[in-house]
Amino acid sequence: MKLLLRVWRQRRADQPGAFEEYPVPDAAPDMTVLELLDRLNETLAERGVDPIAFDSDCREGICGACGITIDGVPHGPVANVATCNQHVRSFADGATVTLEPFRAGSFPVVRDLVVDRAALDRLLAAGGYVSVDAGTAPDADASPTTHEAAERALDFAACIGCGACVVACPSGAAHLVAGAKLAHLAISGRGSAERGRRARATVDLLDAEFGPCSTHGECAEVCPASIPLTAIATVNREHLRASWRRRDD
């Protein structure tokens, strides 16, 4: 396959960027997009040209580090699939494929396709955790959980924190990832003593660093973990619960 890659190049965060075009005459249908970039970078290195900077780690759709925007869609043309699992066979032979970084006000560009997603780390630090006593693990029967509740909690815990939902949202909201964290902790009952504090801290961070939820649902369409839209309702529900209880829990 022959492809023409139109790639965003930006040397530094404080410098302007622009698209540059690179032909790839030997793309294989079974290649992933990241493997395609690897192949392109090999040829650029041979020519003495700076390789294209992009993030990746597990390349198994688990870590969420690989996210880029492909032809205007966060992660790529196949819905609910991470960038590292998007394949060249999704494009027509001879197509021009546009690769650019995740575009969101909370994700400043670092270089080329790499963005700073520290805002998501701050979101997790604000409310995506539970406090537990160190030492001996608690008895497995100390906090009974039904099979249904455990399965629901695991569904929400599947969020990989890639940030595609933020990019897809016209307002740059992070309610899907925030709701996933709040939901799986609330359903499982872990950290119930700080449930209210967790909800208030999460909403405060959402208001400070991300946009308001547009309720359009674009976030769920690009989420590699298929987090359902019901996660968004969890944000308001948990915050309302914390407000009504008026306790520092």
Q: Show the numbers, then the answer: is there a side-chain contact (heavy atoms from CB on, under 4.5 Å) between V130 and R198?
A: CA-CA 9 Å; V130 296; R198 184 163 57 241; 3.8 Å; yes
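- Tracing side-chain contacts under 4.5 Å through hydrophobic residues (I, L, V, M, F, W, Y), one reaches L206 starting from F107; they form part of the same cluster.
- A donor-acceptor contact shorter than 3.5 Å is absent between the side chain of Q10 and the backbone of V110.
- When side chains are defined from C-beta on, E20 does not count as touching V7, because their heavy atoms never get closer than 4.5 Å.
- The shortest distance between side-chain heavy atoms of L37 and L99 falls below 4.5 Å.
- Between L229 and L176, the shortest heavy-atom contact is CA-CD1, 4.3 Å.
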Could you go through residues 212-223 and list every donor-acceptor pair under 3.5 Å that involves a side-chain atom there, pairing it with any protein atom two or more places apart or in another chain?
unit_1 : atom_1 : unit_2 : atom_2 : d
H216   : ND1    : E218   : OE2    : 3.3

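- Pairing each heavy atom of A119 with each of L205, the nearest pair is O-CD1, 4.2 Å.
- Side-chain contact between L113 and P101: present, with at least one pair of heavy atoms (C-beta onward) separated by less than 4.5 Å.
- No donor-acceptor pair closer than 3.5 Å links the side chain of R195 to the backbone N or O of L185.
- Under a 3.5 Å cut-off, the side chain of S106 and the backbone N or O of F210 do not form any donor-acceptor pair.
- Annotation for T98 and F19: closest pair CG2-CE2, 3.6 Å, computed over non-hydrogen atoms.
- A side-chain donor-acceptor contact under 3.5 Å links Q86 to the backbone of V81.
- Between the side chain of R117 and the main chain of C162, a donor-acceptor pair closer than 3.5 Å is present.
- Between P77 and F91 there is a side-chain heavy-atom pair separated by less than 4.5 Å.
- Using a 4.5 Å heavy-atom threshold, the side chains of I52 and R9 count as touching.
- Put simply, the side chain of F54 reaches to within 4.5 Å of the side chain of D38, judged on heavy atoms.
- Of the charged side-chain nitrogens involved, at least one lies within less than 4.0 Å of a carboxylate oxygen, so that R89 and D30 count as a salt-bridged pair.
- Side-chain atoms of D116 do not come within 3.5 Å of backbone N or O of P108 as any donor-acceptor pair.
- No more than 12 heavy atoms of other residues, nucleotides or ligands lie within 6.0 Å of CD in E148, so this atom counts as exposed by the packing criterion.
- Put simply, the side chain of R200 gets close to the backbone of A242: a donor and an acceptor are under 3.5 Å apart.
- Under the 3.5 Å distance criterion, the side-chain polar atoms of H87 are matched with a main-chain donor or acceptor of N85.
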Q: Please lay out, stage by stage, how R11 and D50 fare under the test salt bridge (charged side-chain N to carboxylate O under 4.0 Å, His left out).
A: CA-CA 10 Å; R11 291 186 60 85; D50 286 342; 2.8 Å; yes
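- Scanning both residues, L3 and G94, for their nearest heavy atoms gives CD2-N, 4.4 Å.
- Between L34 and C66, the shortest heavy-atom distance links the atoms CD1-CB, 3.8 Å.
- L182 and T202 make their closest contact through CD2-OG1, 3.8 Å (heavy atoms, listed as atom of the first residue, atom of the second, distance).
- A distance of 4.5 Å separates CG in D26 from CZ in R39, rounded to the nearest 0.5 Å.
- Side-chain contact between N80 and P224 is absent, with no heavy atoms from C-beta onward closer than 4.5 Å.
- Within the 4.5 Å cutoff, side-chain heavy atoms of T230 are placed close to those of F156.
- Of the possible polar contacts, one joining the D93 side chain to the K2 backbone as a donor-acceptor pair under 3.5 Å is found.
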